[in-house]
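The block underneath contains the structure these notes are about, expressed in structure tokens.
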2 protein chains.
Amino acid sequence: MTKYMQIANDIRNNIVKGILKPNDQLPFEKDLCEKYDASKMTVKKALDILVTQGLIVKRRGSGTFVKSISNADMNKLVISNQFRGLTALYSNQKVSSEVLTFEVVPSSEIVRNKLQLENEDFVYNILRVRYVDGAPTVMEHMYMPIALIPGLKRKNATESIYSYIEGDLGYKIQSSHRAISVRKSNELEQSKLKLEVNDPVAVVEQVAYLENGVAFEYSISVHRYDNFLFETVIVI
Amino acid sequence: MTKYMQIANDIRNNIVKGILKPNDQLPFEKDLCEKYDASKMTVKKALDILVTQGLIVKRRGSGTFVKSISNADMNKLVISNQFRGLTALYSNQKVSSEVLTFEVVPSSEIVRNKLQLENEDFVYNILRVRYVDGAPTVMEHMYMPIALIPGLKRKNATESIYSYIEGDLGYKIQSSHRAISVRKSNELEQSKLKLEVNDPVAVVEQVAYLENGVAFEYSISVHRYDNFLFETVIVI
DNA sequence: AAGTGGTCTAGACCACATT
DNA sequence: ATGTGGTCTAGACCACTTC
């Protein structure tokens with residue numbers, strides 16, 4: 001654990017515990033340097049983390065302040081920053097999968113473009129429905145280059161593909177690029193996600209990258225509209 | 001313009017121009033220090049910006065690499081990082097507004113909670129439909145404390161409320177916290193956004209903050225589903 | 001063993017807000 | 001004028017990858 005992480009965590013805890021309340025002014029950077037026996041750059045880095053997480057604001061010439069946020073919203077922020085994105089929303093619930101398609105196919109032009117593949121390259125074509133506590137939640141359509149992800153079996157798709165990639169293959173995931181859109185559900189989605197005829201869906205198109213900058217997954221995830229929520233903080 | 005911004009911009013331009021191609025290795029930090037006559041910390045900060053923007057990846061012990069991204073996707077990344085969020089999606093088009101409601105009301109409990117107000121505080125209650133090139137696009141429901149935003153008139157809502165806040169009042173907006181969800185449209189939305197009975201909508205709930213950490217706006221924006229797209233980069 | 005990026009420092013100077 | 005946070009440096013040492 002780095003020093004700037006320790007400082008950021010400590011201050012975050014003080015905010016969560018209410019030792020630092022909304023609109024409170026934080027100690028000056030120079031005082032935090034003394035308190036944590038750290039240099040200015042290190043303290044600044046710690047505070048900058050809390051700024052991007054949406055907890056505090058900094059004003060040159062004035063000081064640093066806790067944002068005016070309710071306890072409930074503050075807790076949500078802290079939780080959603082511990083786990084990234086949507087991933088661990090269902091951490092306490094049972095996640096299972098029904099694999100509809102698991103095959104290896106030549107890459108289409110769209111997939112080649114997203115994954116930056118050559119014409120001849122083959123990809124896994126995986127379609128599955130994911131259940132949370134037995135309720136259908138997402139229909140995922142994934143493409144992954146077989147050259148990059150060797151040895152993937154239908155069984156892995158039934159469980160967690162990511163744990164195969166990170167655990168068995170020892171890869172590390174660096175980032176993902178997502179685009180969120182909305183549309184009406186089609187018949188397959190209605191049947192698989194137990195939706196009514198005119199129910200909408202949230203569509204998350206994603207390209208995921210490994211540590212070395214190589215795209216390893218292009219996926220389209222179709223979410224039931226009633227349990228989809230994407231939260232984000234934008235700092236200008 | 002800071003030195004780290006100049007360095008980041010220069011490298012970004014090299015990527016856009018194709019001087020640095022997908023999967024290319026960047027010069028080592030130590031060489032970039034020489035090239036730009038900058039210290040290691042400054043070069044690192046420049047590169048870290050490009051990492052959070054999704055353009056490059058860094059690997060300790062190996063080097064820094066351009067992500068494996070198609071030209072089209074790379075250009076989209078660069079553009080969406082120049083303007084933040086959804087705001088300037090319609091920069092070349094005519095934006096106009098139909099104001100349905102413009103009144104001052106006592107704050108409800110939800111609004112008080114989001115904006116951290118006291119019981120007695122009054123807020124603007126503004127409902128408007130925004131048109132892009134004459135086509136209805138978003139229905140916005142905004143609440144803002146009158147104490148914080150004095151002198152707002154119906155006329156401002158017809159044009160740009162943000163230009164009143166940033167221009168006339170001289171405030172600076174620091175950040176916004178957004179939650180995106182999906183649902184079916186209701187009758188009012190169908191009529192105002194020219195939607196069919198069973199068309200869906202994308203709902204963006206937002207709390208926006210000023211430089212001093214004070215929440216000045218709570219809004220619910222209901223978007224036509226066919227022109228809503230939210231793109232984001234998540235770095236783990 | 002050599003070289004990469006990551007962290008951290010002590011101190012200089014700058015830009016901005018308040019007094 | 002004072003004090004805040006912002007930038008930048010030169011150099012030390014660490015963690016990791018590659019050879």
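The analysis underlying the following values was restricted to heavy atoms, covering all of them including side chains, and did not include hydrogens, waters or symmetry mates. Protein chains get the first letters and strands the later ones, always in sequence-line order, with residue 1 at the start of each.
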Taking only residues two or more places apart in sequence, or in another chain, which ones meet B:Asn125 in a side-chain contact (heavy atoms from CB on, under 4.5 Å)?
-> B:Thr101, B:Glu103, B:Val105, B:His141, B:Tyr143

What salt bridge (charged side-chain N to carboxylate O under 4.0 Å, His left out) pairs are there with at least one residue in residues 39-57 of chain A, not counting sequence neighbours?
-> A:Lys44-A:Asp48, A:Asp48-A:Lys58

First contact, last contact: which nucleotides of DNA chain C are these for chain B, 5' to 3', heavy-atom distance under 4.0 Å?
-> C:dG3 to C:dC8

Could you tell me whether the side chain of A:Ile7 reaches within less than 4.5 Å of the side chain of A:Leu32, counting heavy atoms only?
-> no

With B:Glu166 via side-chain contact (heavy atoms from CB on, under 4.5 Å) - residues at least two apart = B:Ile173

Among residues 41-48 of chain B, which residues get a heavy atom nearer than 4.0 Å to DNA chain D?
-> B:Met41, B:Thr42, B:Lys45

Touch class at under 4.0 angstrom, heavy-atom based, for B:Asn212 against every strand present | nothing

Quick one: list whatever passes side-chain contact (heavy atoms from CB on, under 4.5 Å) with B:Glu118, sequence neighbours left out.
-> B:Glu120, B:Asp121

Basic-acidic side-chain contact under 4.0 Å: B:Lys30, B:Glu34 = no

Is there a residue in residues 1-9 of chain A whose heavy atoms reach under 4.0 Å of DNA chain C, and which residues are they?
-> A:Thr2, A:Lys3, A:Tyr4

Between the protein and nucleotides 15-19 of chain D, are there any N/O to N/O pairs under 3.5 Å, and if so, what are the atom names and distances?
{"from": "D:dA15", "atom 1": "O4'", "to": "B:Arg60", "atom 2": "NH1", "distance (Å)": "2.9"}
{"from": "D:dT17", "atom 1": "O3'", "to": "B:Ser62", "atom 2": "OG", "distance (Å)": "3.1"}

Using a cut-off of strictly less than 4.0 Å between a heavy atom of the residue and any atom of DNA chain D, enumerate the qualifying residues of residues 19-36 of chain A by number.
-> A:Phe28, A:Glu29, A:Lys30

Under the side-chain hydrogen bond (donor to acceptor under 3.5 Å, both in side chains) rule, collect the residues that match up with A:Tyr164, sequence neighbours excluded.
-> none

Test item: A:Val16 and A:Asn75 side chains (from C-beta on) under 4.5 Å apart, heavy atoms = yes

Are the side chains of B:Asp10 and B:Tyr36 in touch, meaning some heavy atoms are under 4.5 Å apart?
-> yes

Taking everything shown except B:Ile110 itself, do over 12 heavy atoms lie less than 6.0 Å from its CD1?
-> no

Which residues satisfy the ring pair (Phe, Tyr, Trp, His ring centres under 6.0 Å) test with B:Tyr209, sequence neighbours excluded?
-> B:His177

Looking at side-chain heavy atoms only, is the closest gap between B:Lys172 and B:Gln174 below 4.5 Å?
-> no

Between A:Asn156 and A:Arg128 the two heavy atoms that sit nearest each other are O-NH1, 4.5 Å

Does A:Glu217 reach the side chain of A:Val207, with side-chain heavy atoms less than 4.5 Å apart?
-> no

Partner set under side-chain contact (heavy atoms from CB on, under 4.5 Å) for A:Ser70, not counting sequence neighbours = A:Ala72, A:Asp73, B:Asn113, B:Gln116

